[in-house]
Engineer: 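This is the structure, below, for whatever I ask next.
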Amino acid sequence: MGTFRQHSVLPGFNLALGFTLLYLSLMVLIPISAAFVRTAELTLPEFWNVVMTPRVLASYRLTFGASFAAALVNAIFGLLVAWVLVRYHFPGKKLIDALVDLPFALPTAVAGIALTALYAGNGWIGQYLEPLGLKVAFTPAGVFVALTFIGLPFVVRTVQPVLEDLEPELEEAAATLGANRLQTFLRVIFPAIFPAVITGFALAFARAIGEYGSVIFIAGNMPMISEITPLLIITKLEQYDYAGATALAVVMLVISFVLLLIINLLQWWSRSRSSSSV
Amino acid sequence: MTAIALPLPVPSGRVRPIEESAWVRRPLIGLALVFLTLFLFIPLISVFYEALRKGWDVYIAAITEPDAVSAIQLTLTAAAIAVPLNLVFGVAAAWAVAKFEFRGKNLLVTLIDLPFSVSPVVSGLIYVLIFGLQGWLGPWLAEQDIKIIFAVPGIVLATIFVTVPFIARELIPLMQSQGAEEEEAAVVLGANGWQIFFRVTLPNIKWGLLYGVILCNARAMGEFGAVSVVSGHIRGSTNTLPLHVEILYNEYNFAAAFAVASLLALLALVTLALKTIIESKTGEKPETTGIQE
């Protein structure tokens, strides 16, 4: 074990690491492994039959489609909001900057009922959309609205610090060389902040995939149409179909692990890009 | 005569070469504000509007009726257990990760973040698989007459799970950036471990610690999905505030649902206010990714 850790004069390593590993194992790792162990009780064809039925496939399509669309909208508008907050001055900027984190702090159930009330046919926003033939509440569009809300801060908060650290010299050089502002943005600024935008997009997407609280109120939850995968897990659990619920949970866990890996790689890319540009 | 390069005077009213003209700036600001108004401000305002629409009396009645009060108590209890436990964990993890070099450190940091990437529904389900009647320990617990799932302990466990990373992930980068020199100096001067922690480390990390505690608390009190799976929704006994909102809403008791929801919205606003104050004190923005679910 001599090379396990480098020597240090500071005390408490064994106690701190021991407690960390014990707590993490008891609270996180053993519970998560329970899902995999329980699913191993199913044979592969049984597992396949649970996670590939038409109703489940429809829920994947909705969950992934709406999450992707919401993350995309957040990538575009998150970049815009970050740009406006970093580069421009306008009244109320500090307050708005603080409120951007609201979706992180507001319990999802509260967001869910508020958005449902707003987008229902008689709601503040829904009453203007319904005459145009746009039904949002209790349709897949509602899922998209809820996922846009909960993912809103991610791109803003990943892009903002990169934009703040950007050297003005680069832009001055571009201007000196005859580039106009749009060219400077597309050729100088955007390449520098692109990794941060993609990281924010991936974080918003990963968060949206697993989201439950804000969606179930506004979705309408009709099988095959507006039913998300996390809700299907709950439905199976309420029917005492533990094997089915667990199999779906394993699918979601594997997807989250893959996304976590991708996000770690993206953050590493983002960091190496922003440090090499300085 | 040597030529001296003087900065060119910028004529007033002209755009500096690395800024946009007002014709570009104003529409961009306007578009950003329209987006934020639609997706942030209107939803927030509507919570308070709907809560108070039927009048102050209905509002007060909704948040003081016995089921609401017991939901408030359970939410406070769960947070009062989960936050201190995750505080001790966060400090221990940050001490090990930030002050020492050992193999497998990156893996450990990734594992600490794991609960953030797990769907809340799955976070609740895994505890059902262990402690539920069909679960690993279910039959044994039933014999001992101990209830965890559909009871308060299950709610506390699910709350702990979803809030495990908060304090650790605030402290790890902060303590890494501070290094170990001050603590090493304290060792040389003869301080013992606890003296080093309380007199040297803690004063250095107090704002980051507070920041983590506030975010952890907000999530602990607001968690919905994970708690919903393990709660069993027994009114007056296993209902937290967010679950109480759901029950009232599903009963079409919208005024009461929004009244209770407004308490949680206030909690969110207080959280953001404290967060902003701490950021202005420390002059930087710590990581904030993923408070709720």
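Lettering of chains follows the sequences in order, A, B, ..., and the numbering in each one begins at 1.
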Engineer: Applying side chain to side chain contact (heavy atoms under 4.5 Å, CB included), run through B:Ile126 and A:Phe36 and close with a yes or a no.
Structural biologist: CA-CA 10 Å; B:Ile126 53 183; A:Phe36 288 93; over 6 Å; no
Engineer: Chain B heavy atoms under 4.5 Å from A:Leu115: which part of the residue, side chain, backbone, both or neither?
Structural biologist: side chain
Engineer: Nearest 0.5 Å, please: how far is CZ in A:Phe217 from CG in B:Asn250?
Structural biologist: 6.0 Å
Engineer: For a quick test of your reading: what N or O donor-acceptor pairs under 3.5 Å do the side chains of residues 91-100 of chain B make, sequence neighbours left out?
Structural biologist:
| from | atom 1 | to | atom 2 | distance (Å) |
| --- | --- | --- | --- | --- |
| B:Trp95 | NE1 | A:Pro11 | O | 3.1 |
| B:Lys99 | NZ | B:Gly179 | O | 2.7 |
| B:Lys99 | NZ | B:Glu183 | OE1 | 3.3 |
| B:Lys99 | NZ | B:Glu183 | OE2 | 3.2 |

Engineer: What part of B:Ile42 gets within 4.5 angstrom of chain A, counting heavy atoms only: side chain, backbone, both, or neither?
Structural biologist: both
Engineer: Quickly, which of B:Leu36, B:Leu33, B:Ile29, B:Leu31 forms a side-chain contact (heavy atoms from CB on, under 4.5 Å) with A:Val84? Name it, please.
Structural biologist: B:Ile29
Engineer: For A:Gly210 and B:Pro120, which heavy atoms make the closest approach, and how far apart are they?
Structural biologist: O-CD, 3.3 Å
Engineer: Take B:Gln134 and A:Tyr240 through the test side-chain hydrogen bond (donor to acceptor under 3.5 Å, both in side chains) and record every step on the way to the result.
Structural biologist: CA-CA 9 Å; B:Gln134 317 280 321; A:Tyr240 302 103; over 6 Å; no
Engineer: Please look at A:Phe13 and chain B and tell me whether the side chain, the backbone, both or neither of the residue comes under 4.5 angstrom of a heavy atom of that chain.
Structural biologist: both
Engineer: Can you list every side-chain hydrogen bond (donor to acceptor under 3.5 Å, both in side chains) pair that touches residues 19-35 of chain A, not counting sequence neighbours?
Structural biologist: A:Tyr23-B:Asn86
Engineer: Given side chains that start at C-beta, do those of A:Ile96 and B:Phe41 come closer than 4.5 Å, heavy atoms only?
Structural biologist: yes
Engineer: Side chain from CB out, backbone as N, CA, C, O: work out which of these in A:Thr246 comes under 4.5 Å of a heavy atom of chain B, or both, or neither.
Structural biologist: both
Engineer: Rounded to the nearest 0.5 Å, what separates atom CG in A:Asn264 from atom OG1 in B:Thr110?
Structural biologist: 5.0 Å
Engineer: Heavy-atom cut-off 4.5 Å, strictly under: side chain, backbone, both or neither for A:Leu21 against chain B?
Structural biologist: side chain
Engineer: Please classify the contact between A:Leu152 and chain B as side chain, backbone, both or neither, with a heavy-atom cut-off of under 4.5 Å.
Structural biologist: side chain
Engineer: For the CG atom of A:Leu24 and the CG atom of B:Leu108, what is their distance to the nearest 0.5 Å?
Structural biologist: 6.5 Å
Engineer: What part of A:Leu17 gets closer than 4.5 Å to chain B, counting heavy atoms only: side chain, backbone, both or neither?
Structural biologist: both
Engineer: Answer whether the closest heavy-atom distance between the side chains of A:Ile216 and B:Phe224 falls below 4.5 Å.
Structural biologist: yes
Engineer: Under a 4.5 Å heavy-atom cut-off, does chain B meet the side chain of A:Met27, its backbone, both or neither?
Structural biologist: both
